[in-house]
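Below: one structure, written as structure tokens.
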Amino acid sequence: MSQRILVTGGTGYIGSNTAVELLSAGHEVEILDNLYNSKIEVLDEIEQITGKKPKFHQVDLLDEAGVTRVFKEGNFDAVIHFAGYKAVGESVDKPLEYYENNVTGTLHLLKAMRETGVKKIIFSSSATVYGVQESPEYVETMQTGGHLSNPYGRTKYFIEEILKDYSVADPEFQVCLLRYFNPVGAHPAGLLGDDPNGIPNNLMPFIMRVANGHLPELKIFGDDYPTEDGTCRRDYIHVVDLAKGHMAALDHLKPGVSIYNLGSGKPTSVKEIVTAFERARGEELPKSIAPRRSGDLPEFWANPAKAKAELNWQTELDIDDVMRDTLAYIAKHA
Ligand code: NAD
Ligand code: UD1
């Protein structure tokens with residue numbers, strides 16, 4: 001059944017790819033974003049892919065009256081909440097801005113939902129809420145919020161807790177917390193990729209900037225970890241698989257709080273990522289080994305069994321698909 005969905009942060013990387021899946025499935029989509037970390041042209045890219053241009057509200061979640069106005073006009077069935085700041089290192093230097101934007105922004109959103117009777121929300125959480133665990137294979141039942149190394153991660157943990165509390169106060173409220181592992185890749189049309197403002201912190205956006213000549217070389221942060229090739233291992237997930245995870249979550253929303261890991265279940269090392277990129281491109285990447293980056297864990301990955309069993313969702317794309325679509329994106333956005 002077609003639903004009216006408000007996508008906050010919908011001109012961003014994951015939000016825009018999810019908007020494409022929603023529109024393609026026949027849902028009505030409106031986007032709320034302040035364009036802090038995204039560009040208005042993304043709306044044209046969404047239209048190029050789907051033939052539909054979502055209604056856009058250039059509104060800041062910190063503008064409570066503006067958010068409420070969008071809800072009063074929107075008559076939404078559900079919200080998918082992507083909007084937030086996401087740079088781990090920056091959050092250490094600007095904790096107050098991170099708590100205000102991510103936590104206060106979410107409170108404004110929830111108050112507007114309450115005022116207009118919108119009872120369904122899917123929230124972009126992160127594997128980062130697990131912190132340090134005894135096993136590197138993260139399961140939803142593990143305790144969260146311990147040993148978190150940065151304010152960004154704590155905003156995700158706090159928002160999860162706020163949503164749990166609110167669902168107790170309103171038993172009709174339907175919440176799905178999606179804990180993403182490492183989203184990578186782009187839409188296969190070579191559109192809607194991860195193109196952050198400034199120098200990227202994350203591995204794939206950094207590789208993309210080296211490949212297009214905007215940065216001189218990739219530094220591999222540490223090759224002396226206790227892993228097979230000495231580099232860190234992560235669970236990389238193609239952004240289209242991740243977007244489809246939101247569709248599955250929307251279809252299975254129910255009263256109370258549901259929590260799912262969205263990952264492939266398979267870890268890949270930094271060296272394996274670099275080799276896969278070089279293989280797809282047919283050319284070596286300038287690179288060197290650098291010291292470890294502080295705060296990095298040697299390895300972790302998702303146990304995705306719960307999402308498979310309950311949402312009937314699992315990843316379908318692999319690292320070679322990621323590299324093909326990343327190269328298509330680079331070719332269109334040189
Ligand atoms: P993104 O920066 O591309 O998208 C976020 C969007 O939110 C941007 O378009 C930005 O302009 C908007 N935004 C930020 N603050 C806002 C505000 N106050 N009001 C309105 N709009 C605002 O990031 P993304 O990679 O698409 O991530 C989406 C969500 O998923 C974020 O919440 C992020 O923390 C979470 N997440 C991302 C990753 C990742 O690696 N990309 C991993 C785990 C979780
Ligand atoms: C980071 C965030 C995490 C967030 C995730 C989503 C930290 C501590 N955690 O995780 O909260 O949810 O992004 O994408 O930052 N690497 C290099 N060279 C580079 C960049 C990265 O070798 O120039 C290595 C890193 O050391 C790491 C791996 O690549 O081993 C992946 O790094 P990154 O993409 O930043 O993701 P995470 O650190 O897993």
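Just follow the structure's listing: the first ligand is 1, and inside any ligand the first atom is 1.
Between Phe71 and Phe76, the gap from one ring centroid to the other is short of 6.0 Å. Aromatic pair Phe82/Phe123: centroids not less than 6.0 angstrom apart. Taking the ring centroids of His147 and Tyr130, they lie at or beyond the 6.0 Å cut-off.
At least one N/O-N/O distance between Ser38 and ligand 1 falls below 3.5 Å. Checking only distances, Lys86 does come within under 3.5 Å of ligand 1, N or O to N or O. For a threshold of 3.5 Å applied to N or O pairs, the pair formed by Asn37 and ligand 1 contains at least one separation below that value. Taking distance alone, with nitrogen or oxygen atoms compared against 3.5 Å, Phe221 approaches ligand 2 more closely than that limit. For a threshold of 3.5 Å applied to N or O pairs, the pair formed by Leu203 and ligand 2 contains at least one separation below that value. Distances between N or O atoms of Asp33 and those of ligand 1 include at least one value under 3.5 Å. At least one N/O-N/O distance between Ile14 and ligand 1 falls below 3.5 Å. In terms of polar-atom proximity, defined here as any N/O pair under 3.5 Å, Phe181 makes no such contact with ligand 1. Residue Lys219 has at least one nitrogen or oxygen atom sitting less than 3.5 Å from a nitrogen or oxygen atom of ligand 2, judged on distance alone. Polar contact check, Tyr152 against ligand 2: no nitrogen or oxygen pair lies under 3.5 Å apart. Taking distance alone, with nitrogen or oxygen atoms compared against 3.5 Å, Leu61 approaches ligand 1 more closely than that limit. Between Arg234 and ligand 2, a contact under 3.5 Å exists for at least one N or O pair. Distances between N or O atoms of Tyr13 and those of ligand 1 include at least one value under 3.5 Å.
For atom 30 (O) of ligand 2, the closest non-hydrogen atom of the protein is Cys232 CB, 3.0 Å. If you check which protein heavy atom lies closest to atom 4 (C) of ligand 2, you get Ser126 OG, 4.3 Å. Among all protein heavy atoms, the one lying closest to atom 36 (O) of ligand 2 is Asn182 ND2, 3.1 Å. Atom 22 (C) of ligand 1 has its closest protein heavy atom at Asn34 OD1, 3.1 Å. Protein heavy atom nearest atom 20 (C) of ligand 2, with residue, atom name and distance: Asn201 O, 3.4 Å. Of all protein heavy atoms, the one lying nearest to atom 13 (O) of ligand 2 is Asn202 ND2, 3.1 Å. Nearest protein neighbour of atom 24 (C) of ligand 2, counting heavy atoms only, is Val270 CG2, 3.8 Å. The shortest contact between atom 15 (N) of ligand 1 and any protein heavy atom is with Asn101 ND2, 3.1 Å. Atom 9 (N) of ligand 2 has its closest protein heavy atom at Val88 CG2, 3.8 Å. Closest to atom 38 (O) of ligand 2 among all protein heavy atoms lies Arg293 NH2, 2.8 Å.
A salt bridge between Glu299 and Arg234 is absent, with no side-chain N of the basic residue lying under 4.0 Å from a carboxylate O of the acidic one. A salt bridge is defined here as a Lys NZ or Arg NE, NH1 or NH2 lying under 4.0 Å from an Asp or Glu carboxylate O, and Asp194 with Lys86 meets this definition. Ionic pairing of Arg292 and Asp224 is present here: one or more N-O contacts between side-chain nitrogen and carboxylate oxygen are shorter than 4.0 angstrom. Contact check on Arg4 versus Glu28 returns a salt bridge, with a Lys/Arg side-chain nitrogen under 4.0 Å from an Asp/Glu carboxylate oxygen. Lys119 has no carboxylate O lying under 4.0 Å from a charged side-chain N of Asp77, or vice versa, which leaves the two without a salt bridge. With respect to the salt-bridge test (charged N to carboxylate O, under 4.0 angstrom), the residues Asp321 and Arg324 qualify. Ion pair Glu160/Arg179 flagged as a salt bridge, since at least one NZ, NE, NH1 or NH2 atom sits closer than 4.0 Å to an Asp/Glu carboxylate oxygen. Looking at Lys266 and Asp318, no side-chain N of the basic residue comes within less than 4.0 Å of a carboxylate O on the acidic one, giving no salt bridge.
For ligand 1, the atoms lying closer than 4.0 Å to a non-hydrogen atom of Tyr36 are 11 (O). Short contacts between ligand 1 and Leu35, defined as distances under 4.0 Å to a heavy atom of the residue, involve ligand atoms 11 (O). Counting the atoms of ligand 2 from 1 in the order shown, those under 4.0 Å from a heavy atom of Ile220 are 22 (O). Proximity to Val59 (heavy-atom distance under 4.0 Å) selects the following atoms of ligand 1: 19 (N), 20 (C). Close approach of ligand 2 to Leu218 is summarised as follows: ligand atoms under 4.0 Å from at least one heavy atom of the residue are 18 (N), 23 (O). For ligand 1, the atoms sitting less than 4.0 Å from at least one non-hydrogen atom of Ser126 are 43 (C), 44 (C), numbered in the order shown with element in parentheses. Shown in contact with Gly9 at under 4.0 Å from a heavy atom are these atoms of ligand 1, numbered in order with element: 6 (C), 7 (O). Numbered from 1 in the order shown, with element, the atoms of ligand 1 that lie under 4.0 Å from a heavy atom of Asp60 read 17 (C), 18 (N), 19 (N). Counting atoms of ligand 1 from 1 in the listed order, those under 4.0 Å from a heavy atom of Ser124 are 29 (C), 30 (O), 32 (O), 35 (C). When each atom of ligand 2 is checked for a heavy atom of Thr128 under 4.0 Å away, the hits are 11 (O).
In this comparison of Gly84, Gly153, Pro205, the heavy atom closest to atom 5 (C) of ligand 1 sits on Gly84. Within the set Thr231, Asp235, Asp296, the minimum heavy-atom distance to atom 8 (C) of ligand 2 is found for Asp296.
No side-chain N or O of His187 forms a donor-acceptor pair with one of Asp325 less than 3.5 Å apart. For the 3.5 Å distance criterion, the side chains of Thr11 and Ser38 qualify, holding a donor opposite an acceptor. Using modelled atom types, one finds no donor on one side chain facing an acceptor on the other under 3.5 Å when comparing Glu21 with His246. Defined by atom type and a distance below 3.5 Å, a donor-acceptor pair is missing between the side-chain atoms of Tyr85 and Glu90. His81 and Thr8 form a side-chain donor-acceptor contact under 3.5 Å, judged by distance and modelled atom types alone.
Assignment of Tyr236 to the shell around ligand 2 is supported, since a heavy atom sits closer than 4.0 Å. For Pro183, the closest heavy-atom approach to ligand 1 falls below 4.0 Å. Under the 4.0 angstrom criterion for non-hydrogen atoms, Lys156 is in contact with ligand 1.
For Leu62, the side chain to side chain contact (heavy atoms under 4.5 Å, CB included) partners two or more places apart in sequence, or in a different chain, are Asp60, Glu100, Asn101, Thr104. Taking Asp229 as the reference, nothing meets the salt bridge (charged side-chain N to carboxylate O under 4.0 Å, His left out) condition, with sequence neighbours excluded.
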For salt bridge (charged side-chain N to carboxylate O under 4.0 Å, His left out), just list the numbers for Arg279 and Asp320, CA-CA rounded to whole Å, side-chain angles, deciding distance to a tenth of an Å, and then say yes or no. CA-CA 9 Å; Arg279 190 169 58 233; Asp320 292 326; 3.0 Å; yes
Output, in order, the C-alpha distance, side-chain angles, deciding distance and verdict of salt bridge (charged side-chain N to carboxylate O under 4.0 Å, His left out) for Glu278 and Arg281. CA-CA 5 Å; Glu278 292 175 335; Arg281 186 177 179 229; over 6 Å; no
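A heavy-atom distance below 4.5 Å is found between the side chains of Met323 and Ile273.
Contact annotation: for Ser125 versus ligand 1, heavy atoms closer than 4.0 Å belong to the backbone alone.
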